[in-house]
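We number each residue from 1, following the sequence as shown. As a basis for the values below, the full set of heavy atoms in this structure was taken, side chains included, without hydrogen atoms, waters or symmetry mates. Just so we're clear, the structure is a prediction, and the values are computed from it rather than from any experiment.
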Amino acid sequence: MRNISVGRRERILNTSGFHIAVVGATGAVGQQMLNTLEKRDFPIKQLTLLSSARSAGSTVTFKGKEWTVEEAKPESFEGVDIALFSAGGSVSKLLAPEAVKRGAIVVDNTSAFRMDPDVPLVVPEVNEEDIKLHNGIIANPNCSTIQMVATLEPIRKEYGLSKVIVSTYQAVSGAGAAAIDELHEQSQAILNGESFSPAVLPVKSDEKHYQIAFNAIPQIDKFEENGFTFEEMKMINETKKIMHMPTLKVSATCVRLPVVTGHSESVYIEIDNEDVTVKDLHRLLIDAPGVTLEDVPGEQVYPMPAYAVGKPDVFVGRVRKDLDEDKGFHMWIVSDNLLKGAAWNSVQIAESLVKLGLVK
């Protein structure tokens with residue numbers, strides 16, 4: 001998809017539709033955003049692709065044409081209707097307000113604005129109506145949070161929800177291209193009996209780095225003073241905000257696995273109602289928007305990340321009742337972290353803006 005040579009500058013697509021900007025267009029999520037916009041045939045009149053100065057001048061392919069990527073600057077957003085951001089929190093903090101000043105609605109895929117009380121944090125299957133409260137910026141939640149709340153919302157609506165305990169098993173693509181490269185290089189080195197020096201995971205800016213190939217690292221992002229990592233606290237706080245349940249009991253443990261794409265989660269919940277069965281939850285999950293139930297244990301049918309790649313849905317299986325707590329249930333949740341966890345959810349928000357008449 002990416003070509004370092006400069007291609008012809010194409011900006012106008014149709015006479016009707018919206019002016020869309022993608023910030024971080026050369027990155028993994030930016031590329032998925034473009035793929036998703038194309039597959040969804042989103043009504044685009046004009047397209048502006050933006051990146052850092054380092055990547056400016058490269059080209060990407062969209063609808064069979066090469067598009068030149070420009071350096072993201074405040075003036076880049078003149079006339080833009082919707083700007084999809086996925087270029088890092090510092091870029092969003094700097095340029096998202098500038099885009100809003102120029103009339104754009106920003107859908108931000110970083111953690112920069114997620115916990116801002118004036119910024120809605122949205123998973124359309126869960127809290128689409130919150131989009132109406134935006135003041136120019138709408139935040140896309142953490143990838144692991146998205147797949148979990150999309151699954152839990154129909155259960156919460158029907159039976160209530162009092163506790164969530166989640167352990168995640170997250171793909172290296174969530175840490176960027178350098179982490180993917182490191183996984184590949186370490187795996188090859190181990191198979192060849194060669195030495196290597198980890199330099200990226202668990203956190204590139206930390207002092208210590210550990211092997212990810214054939215390993216599991218129980219740290220994603222930096223540790224907070226309470227012993228939880230920033231990733232774990234994101235899941236905890238975002239879940240409460242999205243579901244409008246500030247007193248919900250939520251705890252998380254986030255682990256990085258040597259999987260390229262696709263996050264998995266083991267989730268334990270406690271609901272408010274007694275005498276609810278697995279079949280009751282199956283009935284809700286079968287009808288839940290954006291959720292696919294894969295749960296036939298006798299036939300070894302359950303979700304796995306390798307089979308979720310490239311698919312927009314959240315996949316749920318291994319639903320079972322706790323052996324000691326009548327209100328407790330366990331489940332296994334899997335999703336493509338670059339799609340539903342990032343690009344697809346962002347495009348869904350853009351589609352919701354159009355559907356709700358919030359963008360002209």
*Where do G310 and D336 come nearest, in terms of heavy atoms and distance?*
N-OD2, 2.8 Å
*Would you name the heavy atoms of S86 and M33 that are closest together and state the gap between them?*
CB-CE, 3.8 Å
Let me check something: any side-chain donor-acceptor pairs from residues 192-204 under 3.5 Å, sequence neighbours excluded? List them with distances.
| from | atom 1 | to | atom 2 | distance (Å) |
| --- | --- | --- | --- | --- |
| N192 | OD1 | Q188 | NE2 | 3.3 |
| N192 | ND2 | Q188 | O | 3.3 |

Among side-chain atoms of [X] and [Y], is any donor-acceptor pair under 3.5 angstrom?
| X | Y | result |
| --- | --- | --- |
| T48 | H19 | yes |
| Q219 | E231 | no |
| Q170 | S144 | yes |
| H134 | D118 | no |
| T261 | N337 | no |

*Are K132 and L358 side-chain neighbours, meaning at least one heavy-atom pair lies under 4.5 Å?*
yes
*Is the shortest heavy-atom distance from the side chain of M243 to the side chain of L152 under 4.5 Å?*
yes
Check [Y] with [X], please: is the shortest side-chain N to carboxylate O separation under 4.0 Å?
| X | Y | value |
| --- | --- | --- |
| K355 | E128 | yes |
| D81 | K45 | no |
| K101 | E78 | no |
| E153 | K157 | no |

*asked:* Does F214, at its CZ atom, have more than 12 non-hydrogen atoms belonging to other residues, nucleotides or ligands within less than 6.0 Å?
replied: yes
*Over 12 non-hydrogen atoms of neighbours within 6.0 angstrom of CZ in R318*: no
_Residue pairs involving residues 291-316 (criterion salt bridge (Lys or Arg N to Asp or Glu O under 4.0 Å); sequence neighbours excluded)_ = none
*Which other residues belong to the hydrophobic cluster containing V296, where Ile, Leu, Val, Met, Phe, Trp and Tyr are joined when side-chain heavy atoms lie under 4.5 Å apart, directly or via other members?*
V301
Test of understanding: with side-chain hydrogen bond (donor to acceptor under 3.5 Å, both in side chains), list the residues that count as partners of [X], not counting sequence neighbours.
| X | value |
| --- | --- |
| D116 | none |
| R40 | E351 |
| N273 | none |

_Students often mix this up, so state it plainly: with edges at 30° and 60°, are the rings of F77 and F85 parallel, tilted or perpendicular?_
parallel
*Cluster question for you: counting only ILVMFWY and a side-chain heavy-atom cut-off of under 4.5 Å, with indirect links fine, are F62 and L49 together?*
yes
*Considering the options V316, I286, V319, which one meets the side chain to side chain contact (heavy atoms under 4.5 Å, CB included) requirement together with L281?*
V319
